Amino acid sequence: MSIFKEIGPIPYEGPASVNPLAFKYYDKDRVILGKKMSEHLPFAMAWWHNLCAAGTDMFGRDTADKSFGTEKGTMEHAKAKVDAGFEFMEKLGIQYFCFHDVDLVPEADDIKETNRRLDEISDYILEKMQGTNIKCLWGTANMFSNPRFMNGAGSTNSVDVYAFAAAQIKKALDITVKLGGRGYVFWGGREGYETLLNTDVKFEQENIASLMHMAVDYGRSIGFTGDFYIEPKPKEPMKHQYDFDAATAIGFLRQYGLDKDFKMNIEANHATLAGHTFQHDLRISAINGMLGSIDANQGDTLLGWDTDEFPFDVYEATKCMYEVLKNGGLTGGFNFDSKNRRPSYTAKDMFYAYILGMDTFALGLIKAAEIIEDGRIDAFVKERYSSWNGELGQKIRAHQTTLEELSAYAENLGNAALPGSGRQEYLEAVFNNILFLGTEK
Ligand code: XUL
Ligand code: CO
């Protein structure tokens with residue numbers, strides 16, 4: 001039975017099309033830098049925003065009907081969400097989905113019953129996956145909604161709550177492995193603090209690391225070969241979250257010996273909340289060999305919280321794809337951790353939103369590849385560091401010099417040393433030039 005009856009498969013029609021239910025740029029088989037667009041862009045549907053969230057905010061209730069013809073909070077509804085999700089992904093040609101445990105089933109009072117429901121729904125999802133190309137990108141445990149997690153999960157002051165978190169991670173890993181997930185995410189939604197007056201930061205961080213070690217041990221023991229991810233976010237819901245940004249999370253992973261099993265899942269809106277650009281956190285992850293996956297969305301410069309908007313900023317998407325291409329792609333994918341605006345409450349809006357997001361990243365890919373092929377920006381960066389190509393530069397890079405030697409060298413320079421222009425405006429003009437060249441070849 002079709003849920004989105006009035007909407008057919010979304011075709012690629014090209015930039016000149018005015019059909020709102022067609023891709024203008026995402027042409028899955030188009031080859032860019034030797035790889036198909038669909039391989040460059042493993043898009044994923046976020047179960048929570050697309051199939052669960054219905055517009056409730058701090059000031060008002062649901063605007064969208066996501067009952068899919070059933071009674072919410074029942075297993076029938078859970079299955080209807082699976083049906084809706086698969087129909088949605090198939091119509092858009094989306095290859096992956098991401099989930100939290102409690103996105104899949106209504107949470108029961110007893111964790112044993114919740115786990116039984118998870119077994120039932122994952123059987124149903126597995127059945128649905130047969131005969132499609134749809135796969136699981138990553139799973140995670142929601143350790144922030146239930147009131148027991150008010151003080152965090154790994155960072156909680158309560159050892160009983162910690163055990164509950166462990167139980168949820170164990171089950172979420174079981175389901176992720178059962179569904180063939182490529183990754184497993186830790187987003188530390190409440191792993192942080194409201195006030196240092198009641199918080200032992202060191203104790204909490206050590207406990208988070210222990211929980212992650214147990215997750216790695218258990219995951220590997222049941223055959224999970226994918227990556228674990230930390231998804232950094234500086235704040236919201238807590239005032240301060242421990243996984244503030246990529247640099248902080250990477251330092252934490254190294255400190256506790258978790259860096260071989262973990263990578264970053266970078267979310268655009270989280271990076272901007274941390275006072276960075278999206279590109280910054282991607283670059284920091286990439287240079288540390290830890291750019292694993294992306295939560296694709298965008299924030300609003302006028303709002304100081306996580307608005308999770310569908311990405312439409314082509315500049316940002318281009319800079320993102322530039323980082324991804326330079327990284328040689330992702331082991332993960334592009335999960336649309338994005339939600340429709342509250343007044344965009346119809347089923348059609350769900351499709352428009354994903355078409356927008358997929359087209360934005362397709363454009364970003366096309367343009368990032370053009371920037372790389374054009375070569376002016378890369379050539380400039382290379383030239384900018386060319387003074388290091390000489391003997392002295394090589395010696396410094398090889399750690400074969402001393403302050404005394406450099407001091408003697410500098411004394412001979414007099415006042416002659418100037419680093420050369422940064423040429424920012426020239427480079428920005430090149431960027432614009434390429435961005436607005438047009439996409440048809
Ligand atoms: C919240 C957020 C989460 C994670 C998964 O800001 O991004 O949805 O992606 O828990
Ligand atoms: Co996210």
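As the structure lists them, so they are numbered: ligands from 1, and atoms in each ligand from 1. Hydrogens, waters and symmetry mates play no part in the numbers below; they use all other heavy atoms, side chains included. It should be emphasised that the depicted structure is a prediction, and the values quoted were computed from it without experimental measurement.
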May I have the step-by-step check of side chain to side chain contact (heavy atoms under 4.5 Å, CB included) for Lys66 and Tyr345, ending in yes or no? CA-CA 10 Å; Lys66 298 229 174 132; Tyr345 61 92; over 6 Å; no

Flag for Asp308-Asn297: side-chain donor and acceptor within less than 3.5 Å: yes

So which protein N/O/S atoms does the Co ion (ligand 2) have within less than 2.8 Å? Glu231 OE2, Glu267 OE1, Asp295 OD2, Asp337 OD2

Run the ring-centre check on Tyr26 versus Phe43 and record whether the distance is less than 6.0 Å. yes

No-hydrogen, no-angle side-chain donor-acceptor test under 3.5 Å, Glu204 and Tyr242: yes

Trace of the side chain to side chain contact (heavy atoms under 4.5 Å, CB included) decision for Trp187 with His270: CA-CA 11 Å; Trp187 170 57; His270 294 180; 4.0 Å; yes

Ring centres under 6.0 Å, that's the criterion: do Phe336 and Tyr354 meet it? yes

What are the atom names and distances for all N or O pairs under 3.5 Å between ligand 1 and the protein?
unit_1: ligand 1; atom_1: 6 (O); unit_2: Lys233; atom_2: NZ; d: 2.9
unit_1: ligand 1; atom_1: 6 (O); unit_2: His270; atom_2: NE2; d: 2.9
unit_1: ligand 1; atom_1: 6 (O); unit_2: Asp306; atom_2: OD2; d: 3.0
unit_1: ligand 1; atom_1: 7 (O); unit_2: Glu231; atom_2: OE2; d: 2.7
unit_1: ligand 1; atom_1: 7 (O); unit_2: Glu267; atom_2: OE1; d: 2.8
unit_1: ligand 1; atom_1: 7 (O); unit_2: His270; atom_2: NE2; d: 3.3
unit_1: ligand 1; atom_1: 7 (O); unit_2: Asp337; atom_2: OD2; d: 2.7
unit_1: ligand 1; atom_1: 8 (O); unit_2: Trp48; atom_2: NE1; d: 3.4
unit_1: ligand 1; atom_1: 8 (O); unit_2: Asp337; atom_2: OD2; d: 3.2
unit_1: ligand 1; atom_1: 9 (O); unit_2: Glu231; atom_2: OE1; d: 2.7
unit_1: ligand 1; atom_1: 9 (O); unit_2: Glu231; atom_2: OE2; d: 2.9
unit_1: ligand 1; atom_1: 9 (O); unit_2: Asp295; atom_2: OD2; d: 2.9
unit_1: ligand 1; atom_1: 9 (O); unit_2: Asp337; atom_2: OD2; d: 2.9
unit_1: ligand 1; atom_1: 10 (O); unit_2: His100; atom_2: NE2; d: 2.7

Where do Val31 and Lys35 land on the side chain to side chain contact (heavy atoms under 4.5 Å, CB included) test, with the steps shown first? CA-CA 5 Å; Val31 174; Lys35 245 169 53 175; 5.8 Å; no

Name all pairs fulfilling the salt bridge (Lys or Arg N to Asp or Glu O under 4.0 Å) condition that reach into residues 120-147, sequence neighbours left out, sorted by first residue then second. Lys79-Glu120, Asp83-Lys128, Arg116-Glu120, Asp123-Lys178

Sequence-distant partners of Arg342, salt bridge (charged side-chain N to carboxylate O under 4.0 Å, His left out), two or more places apart: none

